[in-house]
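In what follows, chains carry the letters A, B, and so on, assigned in the order in which the sequence lines appear, proteins first and then strands, with residues in each chain numbered from 1. These figures come from a predicted structure and were not determined experimentally.
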Amino acid sequence: MSETIRVRFAPSPTGSLHIGGARTALFNWLFAKRYGGSYILRIEDTDEVRSTPETVDQILDSLSWLGLNWDEGPTVSEDGSVDLIGSGDFGPYHQMAPERREHYEKFAEQLLEEGKAYRCWCTMEELALRRAAAGPEARGYDGFCRKLSDDAIKANGEKPYSIRFAMPKEGATSVEDVIHGNVSFENSLLQDLVIQKTTGGPTYNFACVVDDHLMGITHVIRGDDHLSNTPSQVQMFQAFGWKVPKFGHLSMIHGPDGKKLSKRHGAASAAEYRELGYLPETVRNYLALLGWSNSQSQQIFAEGELEKSFSIEGIQKSPARFDQEKLLWMNGEYLRKKTPEQLLAFAKPFLDKADFEYTDEAILPLILMEHDKFHLLTDIPKRLDFFFRDVEYDEKSTNKVLKKEGVDAILEAIEPVLAGLNEWTEPKLEETIRAFAVEKDLKMGKVFHPIRVSVSGRTDGPTLFGMLEFLGKDRVIARIQDARKRFCGAAA
RNA sequence: GGCGCGUUCGUCUAGCGGCCUAGGACGCCGCCCUCUCAAGGCGGAGAUCACGGGUUCAAAUCCCGUACGCGCCA
């Protein structure tokens with residue numbers, strides 16, 4: 001029997017989209033694309049204290065940026081406003097919605113009636129007290145209220161209670177995991193989890209089970225950190241007589257030190273990588289390669305190729321460390337595939353933030369000139385700034401090149417040569433400056449480098465003659481004169 | 001502490017009993033190209049496949065144990 005695959009990504013809006021969350025979303029998305037299923041987005045906002053509308057917006061924004069568009073879930077309208085009820089046949093797509101909360105209450109009540117769950121009046125204090133009394137061996141809930149007599153229950157009357165799931169204590173629960181294979185857990189170790197808090201709200205594990213069932217989820221693909229919760233969830237599915245979905249637990253992403261990736265390691269959210277100047281396709285491609293590969297160890301995937309080659313078999317069980325170096329290399333690869341026009345469009349937000357004015361017509365040929373050198377979108381304003389504003393001289397560069405014996409004389413001598421040029425073009429400039437070096441019996445570098453640093457302020461940059469052409473005669477000569485005064489001790 | 005998961009070059013990985021004197025990619029090193037910086041081309045170093053036992057004619061690949069790491073619960 002071939003049922004239609006339905007997967008979901010279910011973030012809690014308590015922070016921006018973490019890079020690990022982005023990968024979980026990506027793998028769900030890829031899974032749906034590859035096996036012809038639906039990818040659902042569900043917001044798990046049961047944490048009333050920490051969930052905020054702003055973080056919902058951020059998460060949706062990051063997902064959209066990465067191109068991980070959902071088939072069902074919250075909707076974002078033209079003006080950017082978010083509707084959490086969303087569109088699709090299984091909504092609302094967030095757990096705080098009244099309709100959803102009614103479901104959780106109804107199903108908790110059902111378990112209560114069927115004797116598969118029970119009311120628990122234990123307070124935190126009582127729990128702590130009994131745990132202390134039981135000694136260090138004691139673990140989890142002691143089942144106090146599960147054993148309560150009818151009279152005792154009546155005696156509790158209207159006092160607030162939580163609802164606990166009555167976990168079976170015999171046998172074992174097997175989790176069917178498409179990545180790890182079958183994993184088995186002893187039931188005696190499973191806790192009688194609270195499914196409804198004293199406040200009336202559902203707990204994470206319960207809401208998750210109810211929603212996964214109601215939304216027809218066939219494969220639950222999530223992080224390895226949930227593997228240990230899974231047998232409890234499986235038990236709940238079974239208590240309702242619901243079909244248990246298949247699971248797929250993805251390994252974690254670690255920082256370079258092997259510890260869980262966090263802000264401590266630098267950028268940890270998708271939004272940060274966007275701001276650093278990474279392309280969405282880079283982040284997508286790189287994240288896919290963390291824990292997945294095809295048999296050819298292919299590195300770069302063209303548009304649409306990833307979702308075609310993706311397969312469950314290629315998913316790695318072990319955790320992966322996040323390698324910033326490789327990400328940077330990959331971004332360079334993707335940047336080089338872009339046309340100057342595309343690069344300009346992508347770089348716009350960064351150019352507009354830069355401290356200079358530019359026009360598209362002026363900057364386009366410069367982007368072309370430097371095309372192969374960018375690793376980040378932020379490199380575009382960084383490498384091109386001196387074409388549009390005054391030179392900022394790099395101290396190392398001026399020390400190394402301009403503050404040298406004989407440099408002033410060379411620059412002084414080249415000035416009239418450049419001033420006398422009536423054809424200010426790249427080939428003509430090259431011909432003239434080379435001829436100058438030959439005539440003066442100087443090595444090419446002896447002439448090229450001082451000019452380069454004088455006009456750009458640094459040793460690295462675009463091809464010299466192209467740069468001179470774009471700068472124009474007046475600015476070149478003015479900058480050479482200025483540099484001589486400032487660094488070569490030339491008379492003012 | 002209990003349970004669970006994991007372990008191939010520094011890093012991401014290929015490998016699913018003989019093709020492995022372990023392949024690719026990032027990074028690193030060298031050379032070439034060259035007006036700098038990149039990019040590109042070529043080459044190199046780098047993994048006793050965590051360790052110890054089995055099974056087998058043959059194991060990175062199968063089984064068992066140990067160690068270490070991580071996760072969940074407490």
Report task. Any salt bridge (charged side-chain N to carboxylate O under 4.0 Å, His left out) involving residues 320-337 of chain A? Give me the pairs, sequence neighbours left out, ordered by first then second residue. Result -> A:Glu333-A:Arg336
Query - Touch class at under 4.0 angstrom, heavy-atom based, for A:Gly223 against every strand present - result: nothing
Query raised in the report: If you look at every strand shown and take non-hydrogen atoms under 4.0 Å, does A:Gly461 touch a base, only sugar-phosphate, or nothing?
Result: base
Query raised in the report: B:rG40 and B:rA45: how far apart are their P atoms, nearest whole angstrom?
Result: 22 Å
**Report entry** Under 3.5 Å: donor-acceptor pair, side chain of A:Ser251, backbone of A:Ser318
**Finding:** yes
Requested in this report: For the residue pair A:Tyr286 and A:Phe322, categorise the inter-ring angle as parallel (less than 30°), tilted (30 to 60°) or perpendicular (more than 60°).
Outcome: perpendicular
Query - Phosphate-side-chain proximity, A:His180 and B:rG6, N/O vs OP1/OP2 below 4.0 Å - result: yes
Query raised in the report: Across the strands shown, which category fits A:Pro462 at heavy-atom distances under 4.0 angstrom: base, sugar-phosphate, nothing?
Result: base
Query raised in the report: Would you find a donor on one side and an acceptor on the other, under 3.5 Å apart, between the side chain of A:Ser269 and the backbone of A:Glu272?
Result: yes
Query raised in the report: Heavy atoms under 4.0 Å, any strand shown: does A:His371 hit a base, just sugar-phosphate, or nothing?
Result: nothing
Query raised in the report: A:Asn294 has an atom CG; how far is it from atom C1' of B:rG15, in whole Å?
Result: 13 Å
Query raised in the report: Which whole number of Å gives the distance between the P atom of B:rG46 and that of B:rG10?
Result: 11 Å
Query raised in the report: If you measure from the P atom in B:rU66 to the same atom in B:rA58, how many Å do you get, rounded?
Result: 26 Å
Query - Complement of B:rC33, any strand, by Watson-Crick or G-U distances under 3.5 angstrom - result: none
**Report entry** Base partner of B:rC72, which must satisfy Watson-Crick or wobble distances under 3.5 Å
**Finding:** B:rG2
Report summary line: Here the distance between atom C1' of B:rC68 and atom CG of A:Asp257, to the nearest Å, is 16 Å
Report task. Taking only the side-chain heavy atoms of A:Ser293 (C-beta and beyond), determine which of B:rC72, B:rA38, B:rA14 contains the nearest atom. Result -> B:rA14
Query - Base paired to B:rU66 (Watson-Crick or G-U; both N/O distances under 3.5 angstrom) - result: B:rA50
Report task. Taking only the side-chain heavy atoms of A:Val183 (C-beta and beyond), determine which of B:rU36, B:rC5, B:rC73 contains the nearest atom. Result -> B:rC5
Query - d(CE, A:Met167; C1', B:rC3) in whole Å - result: 14 Å
Report task. For the residue pair A:Phe240 and A:Phe206, categorise the inter-ring angle as parallel (less than 30°), tilted (30 to 60°) or perpendicular (more than 60°). Result -> tilted
Query raised in the report: Checking only heavy atoms, does the side chain of A:Ser251 share a donor-acceptor pair with the base of B:rG6 at less than 3.5 Å?
Result: no
Requested in this report: Figure out the CD1/P separation between A:Ile315 and B:rC16, and round it to whole Å.
Outcome: 19 Å
Query - Nucleotide paired to B:rU55 in any strand shown, Watson-Crick or G-U, under 3.5 Å - result: none
Query - Atom-to-atom span, CG of A:Leu250 to P of B:rG6 - whole angstrom - result: 13 Å
Requested in this report: Quick one: look up who B:rC20 pairs with, Watson-Crick or G-U, both distances under 3.5 Å, and put none if it's unpaired.
Outcome: none
**Report entry** Closest contact, heavy atoms only, A:Lys33 versus A:Glu307
**Finding:** CB-CB, 3.7 Å
Requested in this report: Mind checking A:Glu426 for me? I need base, sugar-phosphate or nothing, with any heavy atom below 4.0 Å counting as a touch.
Outcome: nothing
Report task. For B:rA22 and B:rA74, measure between their C1' atoms and round to the nearest Å. Result -> 43 Å
Query raised in the report: Which of the following nucleotides, B:rA25, B:rA39, B:rU36, is nearest to the side chain of A:Gln299?
Result: B:rA25
Report task. Give A:Arg336 one of three labels, base, sugar-phosphate or nothing, depending on what nucleic acid heavy atoms sit under 4.0 Å from its own. Result -> sugar-phosphate
Query raised in the report: Once you round it to whole Å, what is the distance between C1' of B:rU36 and CG of A:Leu402?
Result: 13 Å
Query - B:rG53 to B:rC12 separation - C1' atoms, rounded to the nearest Å - result: 31 Å
Query raised in the report: Between B:rA14, B:rC5, B:rA39, which nucleotide gets closest to the side-chain atoms of A:Leu227?
Result: B:rC5
Query raised in the report: Say you pick atom C1' in B:rC70 and the same atom in B:rC28; how far apart are they, in whole Å?
Result: 29 Å
**Report entry** Complementary nucleotide for B:rG10 - Watson-Crick or wobble, under 3.5 Å
**Finding:** B:rC26
Requested in this report: Check the angle between the aromatic planes of A:Tyr204 and A:His226 and answer parallel, tilted or perpendicular using the 30° and 60° thresholds.
Outcome: tilted
Query raised in the report: Which is true for A:Leu464 with a 4.0 Å heavy-atom rule: it touches a base, it touches only sugar-phosphate, or it touches nothing?
Result: base
Requested in this report: Given ring-ring contact (aromatic ring centres under 6.0 Å, His included), test A:Tyr35 with A:Phe31 step by step and report yes or no.
Outcome: CA-CA 6 Å; A:Tyr35 299 103; A:Phe31 189 79; 4.9 Å; yes
Query - Gap in Å between the two P atoms, one belonging to B:rG4 and one to B:rU13, rounded - result: 25 Å
Query raised in the report: Between A:Ser297 and A:Asp372, who's closer to the 5' end of RNA chain B by nearest nucleotide?
Result: A:Ser297
Query raised in the report: Does the gap between the ring centers of A:Tyr118 and A:Tyr161 come in under 6.0 Å?
Result: no
Query - A:Ile253 CD1 - B:rU11 P separation (whole Å) - result: 16 Å
Report task. Counting heavy atoms from C-beta on, name the nucleotide in B:rC72, B:rG15, B:rC12 closest to the side chain of A:Ser295. Result -> B:rG15
Query raised in the report: If you measure from the C1' atom in B:rC20 to the same atom in B:rU61, how many Å do you get, rounded?
Result: 11 Å
Report task. For the side chain of A:His254, starting at C-beta, report the closest nucleotide among B:rA38, B:rC70, B:rC12. Result -> B:rC70
Report task. Ignoring backbone atoms, test whether A:Arg434 places a side-chain nitrogen or oxygen under 4.0 Å from the OP1 or OP2 oxygen of B:rC35. Result -> yes
Requested in this report: Indicate, with a heavy-atom threshold strictly under 4.0 Å, whether A:Ser184 touches base, sugar-phosphate, or nothing.
Outcome: sugar-phosphate
Query raised in the report: Are there more than 12 heavy atoms of other residues, nucleotides or ligands under 6.0 Å from atom NZ of A:Lys308?
Result: no
Query raised in the report: Roughly how many Å is it from CZ in A:Phe448 to C1' in B:rC37, rounded to a whole number?
Result: 16 Å
Query - Residues touching RNA chain B, which here means a heavy atom under 4.0 Å, drawn from residues 316-330 of chain A - result: A:Gln316, A:Lys317, A:Ser318, A:Pro319, A:Ala320, A:Arg321, A:Asp323, A:Glu325, A:Lys326, A:Trp329
Query raised in the report: Parallel, tilted or perpendicular: which fits the ring planes of A:Phe301 and A:Trp292, with parallel below 30° and perpendicular above 60°?
Result: tilted
